[in-house]
Amino acid sequence: MNEKKPLLEVRNLWVKLPDEEEFILRGFELTVHAGEVHALMGPNGSGKSTLAKVLAGHPGYEVTEGEVLFNGENLLEMEPDERARAGLFLAFQYPMEVPGVTIANFLRLAYQRRFNKEVKYTEFYKILLQHLKRLEMDASFAARPVNEGFSGGEKKRFEIVQMSLLEPTLAVLDETDSGLDIDALKVVANGVNAMRSPERAFLVITHYQRILNYITPDYVHVMVDGRIVRSGDARLALELEEKGYDWVRNELATAGA
Ligand SMILES: Nc1ncnc2c1ncn2[C@@H]1O[C@H](COP(=O)(O)OP(=O)(O)O)[C@@H](O)[C@H]1O
Ligand SMILES: [Mg+2]
């Protein structure tokens with residue numbers, strides 16, 4: 001048992017689309033402490049991305065019941081910007097394509113918002129270069145326009161640079177793009193591994209087990225139909241890889257759940 005105060009506590013969360021009856025998240029529960037890496041796995045449509053979007057403050061979802069505490073504060077009442085300032089990082093909170101704006105300029109704004117202070121461009125550029133170096137990325141990346149003509153791998157690189165710069169206490173990474181090649185997966189994994197620390201936690205959301213070959217999670221959770229149905233350590237991911245999601249579904253059916 002971890003006696004520390006949780007970083008993230010999700011309690012009995014029920015979420016649906018505003019004009020639908022059917023719930024997507026059905027009593028979802030999760031507790032994350034600082035220093036931990038959690039992997040959230042599940043078949044397509046189980047609600048993984050919906051959870052990430054609700055944590056980000058996406059306006060398209062309705063929370064009808066439950067609560068989310070971040071550092072003991074009610075996350076659901078915070079604006080997306082406040083969430084970032086409080087130390088929560090979700091990659092897709094940021095625009096997909098911003099023509100004409102360079103990565104350096106875009107990141108400087110995000111950095112200033114996160115730390116609530118103005119940083120001169122030259123000073124920021126030095127900081128950015130340090131992060132690029134740590135992630136083994138080329139300095140020329142900073143001068144490119146945001147997401148314009150980015151490959152899947154470059155988008156991931158951009159996310160990871162943002163994560164590194166913004167020094168979140170909780171980073172939520174949704175591996176929506178299952179088409180990521182091995183190099184892109186390694187960029188994500190190296191970024192997470194380089195940033196692992198006792199003060200920071202990660203929630204790595206993934207359908208496939210393969211990224212977990214590079215990131216060893218402390219906990220693995222399997223989500224089916226809007227809630228976690230099974231939790232374990234890294235071995236659970238390997239078991240899933242071997243037996244497939246039907247294994248969990250069948251077990252649930254047998255148990256009459
Ligand atoms: N904005 C949306 N519009 C319509 N359906 C949605 C929307 N968001 C989620 N859903 C539905 O909710 C279910 C869960 O989706 P999602 O959270 O994306 O699952 P996962 O990320 O686990 O694949 C799916 O059936 C999906 O079609
Ligand atoms: Mg998804």
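We use all heavy atoms of the structure for the numbers below, so side chains are in, but hydrogens, waters and symmetry mates are not. Just follow the structure's listing: the first ligand is 1, and inside any ligand the first atom is 1.
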**Message:** Could you tell me, atom by atom, which parts of ligand 1 come under 4.0 Å of a heavy atom of Asn44?
**Reply:** 23 (O)
**Short N/O/S contact of Asn44 with the Mg ion (ligand 2) (below 2.8 Å)** = no
**Asked** Between Lys53 and ligand 1, is there a nitrogen or oxygen pair with a distance under 3.5 Å?
**Response** no
**Request:** Answer yes or no: is there a donor N or O on one side and an acceptor on the other, between the side chain of Arg227 and the main chain of Leu25, under 3.5 Å?
**Result:** no
**Any N/O pair Gly47/ligand 1 closer than 3.5 Å** = yes
**Asked** Is it the case that one hydrophobic cluster holds both Leu69 and Leu76, taking links as side-chain heavy atoms less than 4.5 Å apart, direct or via other members?
**Response** no
**Prompt:** Is it the side chain (CB and beyond), the backbone, both or neither of Ile205 that lies under 4.0 Å from ligand 1, heavy atoms counted?
**Reply:** neither
**Asked** So, Arg11 and Glu9, do they make that salt bridge, N to O below 4.0 Å?
**Response** yes
**Asked** So, does Arg157 use its side chain to make a donor-acceptor pair with the main chain of Met137 at under 3.5 Å?
**Response** no
**Prompt:** Got a salt bridge between Arg113 and Asp81, using NZ or NE/NH1/NH2 to carboxylate O under 4.0 Å?
**Reply:** yes
**Message:** Please confirm whether Ser46 approaches ligand 1 to less than 4.0 Å, judged on its heavy atoms.
**Reply:** yes
**Complete:** Counting from 1 in the order shown, the ligand 1 atoms closer than 4.0 Å to a non-hydrogen atom of Thr50 are 9 (C), 15 (O), 16 (P), 17 (O)
**Item:** Cluster link Ile127 to Tyr125, ILVMFWY, side chain under 4.5 Å
**Value:** yes
**Nearest-option assignment for atom 14 (C) of ligand 1, heavy atoms, candidates Gly226, Pro43, Gly45, Ser49** = Gly45
